[in-house]
Amino acid sequence: NKTLTISAVNSGAGNAIVDIDADGTVNIDGQSGINIGKTEDVPIDIDSSTLDIDASGDIAIDTTSNSSTALTLTTDGGVNEQIVITNTQGTNAAAIDINASAGGIDIDATGVLALDGAGGIDIGKTTDVAIDIDSSTLDIDASGDIAIDTTSNSSTALTLTTDGGV
């Protein structure tokens, strides 16, 4: 095995720094991998004009941080910015899966929140769940029939109430 070790040791005050500058590209290759912060967890700060990560295998971003900002994906570049998540070839029913295994999911939008599904939109499909809609106006438009079904056998199985007149 051939090993090249670059180390910086500072016996005085301040930090030991390794600074690598190049007029061209800096390439780092490791046949078995590239490890950063191998002996202890260290912060990594990347400032770049673009960041492009390509992998022939899976990409996993994991954190053990127990904070309200444990994983944050933020843009702040201007009025035309977008965050896009695309699965180009997955045909699985959960091709993009967002799963909060112990808590809820909160989606806020200043503009319209649009849900479109070529095969429909299902809520509470796996098990029956309560659905609560609070709105200033409820407008339901359908190009086909509208069906409201209940299997409840109570006197309040279907209730329509108004206190604003008929």
Would you give me the side-chain donor-acceptor pairs under 3.5 Å for residues 113-131, sequence neighbours excluded?
from	atom 1	to	atom 2	distance (Å)
D122	OD2	K125	NZ	3.2

Practice problem: Quick one: list whatever passes side chain to side chain contact (heavy atoms under 4.5 Å, CB included) with I34, sequence neighbours left out. | Solution: I28
Self-check item: Selection residues 28-52 - residue pairs positive for salt bridge (Lys or Arg N to Asp or Glu O under 4.0 Å), sequence neighbours left out
Solution: none
Self-check item: side chain to side chain contact (heavy atoms under 4.5 Å, CB included) against S48, all qualifying residues, sequence neighbours excluded
Solution: I46, L51
Hey, can you pull the donor-acceptor pairs under 3.5 Å for the side chains in residues 94-102, sequence neighbours left out?
from	atom 1	to	atom 2	distance (Å)
N99	OD1	S101	N	3.4

Would you mind writing out the side-chain donor-acceptor pairs for residues 66-76 within the sub-3.5 Å range, not counting sequence neighbours?
from	atom 1	to	atom 2	distance (Å)
S67	OG	S65	OG	3.2
S67	OG	T69	N	3.3
S67	OG	A70	N	3.4
T75	OG1	E81	OE1	3.4
T75	OG1	E81	OE2	3.0

Quiz item: With sequence neighbours excluded, what pairs up with S32 under the side chain to side chain contact (heavy atoms under 4.5 Å, CB included) test?
Solution: none
Quiz item: Taking only residues two or more places apart in sequence or in another chain, which ones pass side chain to side chain contact (heavy atoms under 4.5 Å, CB included) with D21?
Solution: D19
